[in-house]
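Every number for a ligand or one of its atoms is a count from 1 in the order of the listing. Just so you know, these numbers come straight off a predicted model, no measurement behind them. Positions are given from 1, in the same order as the sequence printed here.
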Amino acid sequence: MIMASAIEVLAKQAMKTFGDRACQKSLDKLWSLMSKITAEDVKLDKNILDYVGRQSAPMCVMDIFENKDITIAIFVLKHGVTLPMHDHPGMHGLLKVISGIVELNSYSMRTKNDHVIKSNEEITAVKHRSISLNSNSSACILTPSEKNLHEIKCIQGPAAFLDILSPPYDVDEFGKGPRPCTFFKIVKSKLCTESADVFEEVQLSVIESPRDFYSSTLKYIGPPLKDYCNK
Ligand SMILES: [Fe+2]
């Protein structure tokens with residue numbers, strides 16, 4: 001019998017988790033598999049990192065797999081760039097850094113968010129503590145209501161992370177075509193206190209998708225998943 005690769009085992013668990021209604025136990029198992037994934041597991045080597053370091057686009061995307069339930073991809077950020085704050089409407093996501101160091105700033109919306117965000121809308125969100133992630137860090141989870149917005153800064157790059165999203169951005173749930181990814185900027189920020197907790201509350205406004213933040217694409221060369229996952 002041929003042993004399944006780590007990325008195959010991970011993808012299979014992701015489909016199990018998000019193919020049914022995501023239950024906590026299944027999500028925990030996915031998180032634990034995701035936390036163990038390394039750059040070697042997806043064949044992300046020095047050549048790829050060097051290539052991205054030299055290209056002009058601030059980011060490079062390598063699509064690994066997509067079906068109606070999940071998207072799996074690798075994102076590589078050049079040194080010093082910031083992936084601007086964006087949302088993942090109605091989605092779950094897992095992010096695992098496999099190379100370099102990033103700073104992750106996550107926000108949870110206070111405004112009810114089960115709808116498509118309008119461009120003139122002002123949104124209130126709570127900022128979570130910013131965290132620094134490297135290849136030894138566990139995977140981070142976002143849900144439709146918790147940490148659904150984030151901004152990712154590359155502190156030591158190129159930095160790469162593996163991303164699993166469910167459902168994919170392309171899957172329509174609002175009856176308005178693919179769920180849109182919206183970009184935001186902070187317009188106001190204040191410190192709040194609630195039952196001995198001090199936290200930062202921010203006002204966000206929608207911005208156009210930043211033109212200077214385009215990406216290149218590279219072909220994924222790690223263990224293939226397509227045939228395996230569609231069985
Ligand atoms: Fe994201």
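- Listed for the D63 side chain is no donor-acceptor partner under 3.5 Å among the backbone atoms of F65.
- S205 and E122 are not linked by any side-chain donor-acceptor pair at a separation below 3.5 angstrom, with hydrogens and angles left out of the test.
- Separation of the H128 and H150 ring centroids does not fall under the 6.0 Å cut-off.
- The number of protein N/O/S atoms found under 2.8 Å from the Fe ion (ligand 1) is 3.
- Using a 4.0 Å cut-off between charged side-chain N and carboxylate O, R110 and E194 make a salt bridge.
- A 4.5 Å side-chain heavy-atom check between V206 and F184 finds at least one atom pair inside the cut-off.
- The environment of NZ in K43 is sparse: at most 12 heavy-atom neighbours from other residues, nucleotides or ligands sit within 6.0 Å.
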